[in-house]
Amino acid sequence: MKAYHIVIFTLIVLAAVELVLEIKSNQAGWNTLLFGSGSRTTHASSPEESVFGPTAEFPFRSEILASHSGVRVWIGSSSYGEDVYLPAEVTFAHVAQLHLQERGLQAHMLNSSKAGWSTVENTAALRSTGPEWKPDIVVLYQGYHDVRSTLLASTLPDSDGPPSTMKPASDPFGFARAAGQLGERTTSYSFLKIALTAPLRESRLLKTSLPSSLDADLLSRLDDFVDASTALGATPVLTTFAVSTLPGQAMPARDRQQLLRWNSNTDPEAYVAAMIELNELVRTLGGRQDILVIDVADEVSGHSEFFRDFTHFTPEGHAAVGQVLAAGLAKIVEDAHEENSRL
Amino acid sequence: MNFNSAEFLVFLPVVLLVYSLVFRRESPRDLWLLAASYFFYMSWDWRYAGLILFSTVIDFVLGARMAAEQRASRRKLLVTMSLVVNLGLLALFKYFDFFMNTTQGVLGLFGVEGAQLPHVRLLLPVGISFYTFQSLSYTIDLYRREIPPERNFVKFALFVSFFPRLVAGPIVRASEFLPQLQTTPEISDKRSVRGAARIFRGLFKKIVFADLLAGFGVDTVFADPSEYSSATLLLAVYGYSFQIYNDFSGYSDIAIGAADMLGFKIPENFNRPYLSRNPREFWTRWHISLSTWLRDYLYVSLGGNRSGPTATKRNLLITMVLGGLWHGAALNFVFWGLWHGLLLIVFRRAAKKHDNQSFGTVLWQRFLCFHLIAFSWLLFRIGSLDQLGAFLSGLTELSGGIAMKPLYLFILGTTATIHFLPKATTDAVFATFCRLPRLIQGTTYALLVFLFVGLSMGDPSFIYFQF
C-alpha cells in the first residue's frame, strides 16, 4: 500500500473538496449526494394530500380530474411547461385553467409536459396515452428542443469525420453507468459544469447560420403532431414559442451561458433567429390548415422579467403565458363544451 | 472504459489496491491483472471478449506446436495459420464491408449497375488492430526463433490483453513484455509517483489540448470547410495536427504511466514528432511502436532495401499503404498511407545529408516537414473527396480573417510551444514535480480532476480507439 500513497492522497483531497462543497451547498438548500434534500426541493412529485398530479393514476402535472364533465385540454411541452422547480399551481397550464374557469368554462388541463421532450416525444405520448384520456383539445408549446435536436443532428462534430468507433454497447456489469451516475451526482460536478463548462463554450467556434433542412424537419414534426391530434378526434392548437431576447437585443450573459450549457454548437443569436423562423412556420402552417395558433411569443418574448433564463419562465412569466393561452382557448373550449353537451 | 472517464477513476485505484496485496505471489498477481484486463475490455462490449480469447488460444496453441516442431515446412505452416486466423479476423471485422463497397463502386464504373455484394455489418471491436499485431509478434518471433515459447497460458493471455495498452497501444512485442511477467514486478513509491505524473500528463494532453482544440474549432471547420477563410482553414489543420498528437500521445502517456504503477515497462511511442526534419525522421518519432512493427514484420519481410532501389521504393509504398489501411477501412487512410510512402521515397536521400547544417536550414527543414505532415493529417481527417476539394479550394483562395476565438489560438500556441521546447527542459519540469511532497502532488491531481471535469464538453473518445 505504501507504494500507492500518491493515489490515496489524491482520493482524500478529492473527497475533502467534495465534502466541503456538499456542506456549503446543503446549507444553501440544495440536494446533495451525501446529505440528501435541502430546503430547495423540487416539485417533481406531488405529496399524497395534494390535488395535483402526477400520481400513479393521473400521469399529468396538473389538477387531478375530479369529475368526468368539462373539456379536457392536453398540454404538450417540455421543462418550460412541466417546470418542476415551481409548484404545479403556478405553471401556465394551471393558470390557464383558472382563467378559463373564471370565464365560466369548465376546462381541465392534462399537462403532459416532460423535461427534455420535443414535439416528437409529445406526439408519441399523445398517441400512447391519448386514447385513454380522450382530450378534446391538444395544445403544443414547443420550440427549443425541436430546434436543438434538429441542429444537433446536423452539426454533430463527428458527422463528417472519420468512421465511428465501437461505442460501449452493453456495460454488462453496470459499472460504467454506476460510476458515471455517481460522478454526475456529486456537487463538484454540478459546480464545475456551471462555473467552467458553460462559460468556456463561449470560446467555441459556434454555428452562426442554421441548416437549410431545418424548416422541413420542423414542419414534418408539426404535421405529425397535428395528425396524431386529429386521429384522436381532438382539436389541435399550435402556439408560437417565446424567447427571453428579441432579435437585435443582446442576450444577457446568464441566458447565454445557460443556452450554451445545453446547446453547445450554436451561437445564441442564431438560436433566437431559429425561433423566429419556427414561429413563422407555425403561423404559416396554422393558416394553411385552418388550425388555431395562439401567439404566445408576440405577448411574452423579450420581457426579461418573465424569464429566469433564455427559455424557462418565472412565476410572472407563467402567469402571462397562462393568460394568453386562456384568452386564445376560450372560444374553442366553449365550442367543445357545447359539442360535448349535444353528445 | 475510457481512460478519461469516471469509471476509470474508480477502476484504477481498485486494481492498484488489490494488486498491492497480491503482487508478490505469481499466480494471484497474473490472475488479478488478467481479470482486470478482461473486465476493462468487456466494459466496452462483453461480446468481443470471446474474440480476443479466441485469438489468444489460437496463438498460444500454435506457438506451443511451433516450439515443439523442428521441420521448417511445418513451422512455416503453423505461422501461416496464425497469420491467416489473426489477419482473417481483422479482415472480417474491419475490412470486409470496405472491400465490398469498393468493389461495388468499381463494378459501377464499368457499367455493372445494381450489383449487390454481401456485407457483414459488424461493429468494429475496439483495439482489434493493436492486439492482433501484438499477438502476431509472438508467433512471428517464435517462428524466427527469436524468443522462447510461453508455457503459461495465463501469462500469455495477460500479454495479449494487458489493460493499459489493450485498446490503443503502444504495440508491445512479446519479446518486450513476456520476460517482465517471469519476475516479481518492482512496485515502489518512486514508480507510482512517476506513473501518476505520466497519467495526469496524458490526461492533460487529451482533455485540455486535444479535446479543446477539437471543440473550439477543428470539428466545426472540418464539418463545413466551405464556410471559412483560408487562414481559418490553415489554423484548423494546425489545430488537428496538434489535436491528434495530444490525443494519441496522451493515451500512450496514460498507458505507460498505468503500466509503470503496476511495475511494468512499456516502450515510448512518441518523441516530439513535429521537430522532425524529414518524413523518415518523423516515423522514428511518431507512433514508434507501429512504425517499428511495420518495419520489422512487413517491410523487412517484403525484402526491405535488399533488392535495389526500385524494389525498395515498392516496398516502402506497400508498407505505408498497408500502414494507412491499418488505421481504418476507408479510402482517405489509403491516400494518407500513399502520401507518406511517396514522402519517404522522395526524402530518402535527403535524410542522409543532415549533418552540420545551419540553424536556418534546420528551421526550414522542420517547417517544411511539419507542413507535409500536416497535409497528411488533412487527408487523415477528411470524410470525403468533396470535403477535401472544398478544403483545398478554400485554402488556395488565400483569404484572410480568422473565425476562431482567442482561446483556441492560446491553446494551439501553448501546446506548440511545449512541443518545441528542448526535451531537457520538459524533463526537468517533470522531474521537479515528481520530487514535490506527495500531498502537494495529490492536491494538484485532485485539482486537475476538477479541471478535467469542468473542461470536458464533447465526445470523450480517443481518436485511435477506432483503429
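Below, chains carry the letters A, B, ... as their sequence lines are ordered, and counting in each starts from 1.
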Asker: Out of T10(A), V7(A), I12(A), return the one with the most heavy atom pairs under 4.5 angstrom to chain B.
Answerer: T10(A)
Asker: Side chain, backbone, both or neither: which part of F11(B) has a non-hydrogen atom closer than 4.5 Å to chain A?
Answerer: both
Asker: I need the minimum non-hydrogen distance between Y189(A) and V453(B), along with the two atoms involved.
Answerer: CD1-CG1, 3.5 Å
Asker: Checking L11(A) against chain B: side chain, backbone, both or neither under 4.5 Å from a heavy atom?
Answerer: side chain
Asker: Less than 4.5 Å to any heavy atom of chain A: does that hold for the side chain of Y408(B), its backbone, both, or neither?
Answerer: neither
Asker: Who among P406(B), A196(B), S188(B) has the most heavy-atom pairs with chain A under 4.5 Å?
Answerer: S188(B)
Asker: Which of these passes side-chain contact (heavy atoms from CB on, under 4.5 Å) with Y445(B): V13(A), I6(A), L14(A)?
Answerer: I6(A)
Asker: Determine the option with the most heavy-atom pairs under 4.5 angstrom with chain A, choosing from A446(B), A6(B), P13(B).
Answerer: A446(B)
Asker: At what distance, to the nearest 0.5 angstrom, does OG1 of T444(B) lie from CZ of F9(A)?
Answerer: 12.5 Å
Asker: Heavy-atom count check: over 12 atoms from other residues, nucleotides or ligands less than 6.0 Å from F433(B) CZ?
Answerer: yes
Asker: For L451(B), which atoms come within 4.5 Å of any heavy atom of chain A: side chain, backbone, both, or neither?
Answerer: both
